[in-house]
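All remarks here apply to the structure that follows.
Predicted model only: the values in this text are computed from it and were never measured. In what follows, chains are A, B, ... by sequence order, proteins preceding strands, each numbered from 1.
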Amino acid sequence: MAAIADPDQELVARVARGDPDAIQALVSAKLPRMMALAGRLLGDPVEAEDVAQETLLRAWKQAPRWTPGKAKFDTWLHRVALNLCYDRLRRRREIASDAVPEQVDDSPGPDRGLMAQDVGRRVEAALMALPERQREAIVLCHYQELGNIEAAGLMGISVEALESLLSRGRRALRAALADLGPAAEGERR
Amino acid sequence: MKAERFHTIVDAYGVNPARWPEAEGEAARAHAHTPEGQAVLDGARALDLALASHVAPLPDAAAFARALKAAEAAQAPAVARPRFRLPVWRMDRFRLASGAGLMAAACAGVMFGVTLTDHLTADVQADAVLYQATLNGLDDTEVLG
């Protein structure tokens with residue numbers, strides 16, 4: 001098997017030697033990236049930071065043992081962060097199954113028009129309403145900009161299955177954001 | 001590339017060619033320049049724009065500081081506690097000396113105990129003699145008047 005080219009290889013090797021500049025560079029590059037991943041999957045910035053910090057903590061321990069060429073360090077970080085997110089999502093499901101279902105008010109409120117203008121928040125709500133696997137596929141491919149083979153590998157599915165999740169996810173998002181106007185309805189065919 | 005496949009790619013990955021499958025990227029980019037491809041892209045662009053408006057949570061300065069501190073702690077070599085170890089040949093001497101010391105301390109303790117007991121016993125005996133003498137004195141007074 002051909003060695004995998006890893007853009008972080010040199011940086012990880014320097015981190016393993018305890019180079020403070022490399023540590024700082026890795027934190028600058030990966031902390032926001034892992035926090036974005038966890039934030040979009042969990043929808044909670046505090047939990048997202050916990051996941052990102054824990055992921056980096058494991059990175060420091062892993063760096064001296066890291067074997068270049070077997071995988072990308074960034075992919076490995078995603079694997080760790082995803083597992084931490086899965087744990088938290090599982091705990092949420094367990095708590096939610098014991099709790100009384102929350103009543104959601106869908107009626108238009110006085111600030112409904114104002115909220116509709118906040119497209120970012122609407123998108124976040126629509127993302128969080130997606131089934132977990134569809135959300136995960138969209139976050140990995142669209143926001144984290146991982147390749148399809150890499151994302152499918154992380155999710156433990158085929159590329160075809162990934163494409164199916166992505167298509168269904170985007171369709172659901174279009175439906176959820178339809179009231180934003182042509183911005184979200186364009187793909188409807 | 002067939003129009004149907006291009007449609008599937010855009011439907012799954014959106015309008016940005018950077019997100020398209022690497023193996024099909026070139027063919028898909030070529031198809032994107034056709035009127036048919038442009039129509040597909042025009043239809044999909046809106047959702048990509050909407051998705052781009054979502055800003056992920058970003059770490060603040062304190063989060064960066066915490067991460068660096070954790071890295072520092074994780075990288076610091078474990079501080080081994082110095083352990084006092086004697087070489088084997090000196091260990092026996094040490095143990096012997098320790099044993100002898102212990103024995104000496106035990107003997108000293110016994111001697112002190114015996115001495116203290118003798119002293120206390122002597123005091124008690126002296127008191128008994130004096131008491132006895134007093135009793136005898138009383139008897140004499142009674143007898144002699």
Side-chain angles (χ1 to χ4, degrees), chain A residues 15 18 20 23-24 26-28 30-32 35-40 44-46 48-49 52-53 56-57 59-61 63 118-124 126-127 137-138 141-143 145 147-149 159 162-167 170-171 173-174 177 180-189, chain B residues 1 3-28 36-78:
Chain A
V15 166
I23 291 169
Q24 198 157 1
L26 199 71
V27 169
S28 300
K30 302 302 181 188
L31 186 66
M35 197 163 157
L37 170 69
R40 287 194 168 107
D44 182 332
V46 176
E49 199 208 313
Q53 295 281 4
L56 285 193
L57 191 61
W60 311 132
K61 292 173 183 170
D118 190 349
V119 180
R121 287 180 63 187
R122 289 292 312 280
V123 170
E124 182 173 2
L127 276 171
I138 286 176
C141 290
H142 189 90
Y143 289 111
E145 300 195 326
N148 58 346
I149 296 170
V159 169
L162 174 77
E163 286 185 356
S164 172
L165 285 170
L166 286 169
S167 295
R170 286 177 68 96
R171 207 171 302 139
L173 287 174
R174 279 198 303 275
L177 302 171
L180 294 181
E185 288 189 69
E187 276 182 279
R188 192 175 291 165
R189 282 181 289 265
Chain B
M1 172 172 281
E4 192 185 348
R5 178 57 188 157
F6 183 76
H7 191 294
T8 304
I9 287 174
V10 175
D11 203 31
Y13 302 99
V15 298
N16 187 346
R19 296 193 181 101
W20 294 347
E22 200 179 331
E24 298 169 285
E26 199 177 329
E36 201 179 18
Q38 280 294 323
V40 172
L41 290 176
D42 287 345
R45 193 164 285 118
L47 182 62
D48 276 38
L49 283 172
L51 290 176
S53 68
H54 180 242
V55 180
L58 287 170
D60 55 13
F64 278 111
R66 277 192 289 276
L68 288 171
K69 197 175 175 185
E72 196 179 314
Q75 297 248 326

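- Ranked by heavy-atom pairs shorter than 4.5 Å toward chain B, the options A:E49, A:K61, A:R40, A:R171 are led by A:R40.
- Within the 4.5 angstrom heavy-atom criterion, only side-chain atoms of A:E145, from C-beta onward, approach chain B.
- Comparing A:L31, A:L26, A:V15 by how many heavy-atom pairs each has under 4.5 Å with chain B, the most go to A:L31.
- In terms of heavy-atom pairs under 4.5 angstrom with chain B, the leader among A:H142, A:M35, A:E124 is A:H142.
- The minimum heavy-atom distance between B:A28 and B:W20, with the atom names listed, is CB-CE3, 3.6 Å.
- For the pairing with B:D48, the side-chain contact (heavy atoms from CB on, under 4.5 Å) check across B:L41, B:V10, B:V15 returns one residue only, B:V15.
- Both the backbone and the side chain of A:E163 come within contact range of chain B, judged by heavy atoms closer than 4.5 Å.
- Interface remark: of the candidates A:P32, A:P45, A:A126, A:P32 forms the most heavy-atom pairs closer than 4.5 Å to chain B.
- At a threshold of 4.5 Å between non-hydrogen side-chain atoms, the residues B:D11 and B:F6 do not count as touching.
- Heavy atoms only, all atoms of each residue included: A:L166 and B:A12 are closest at CB-O, 3.4 Å.
- Looking only at distances, no side-chain donor or acceptor of A:S167 sits under 3.5 Å from a matching main-chain atom of A:S164.
- Between chain A and the options B:L58, B:T8, B:I9, heavy-atom pairs under 4.5 Å are most frequent for B:L58.
- Both the sub-6.0 Å distance and the 45° axial angle are not jointly satisfied by B:R19 relative to the ring of B:Y13.
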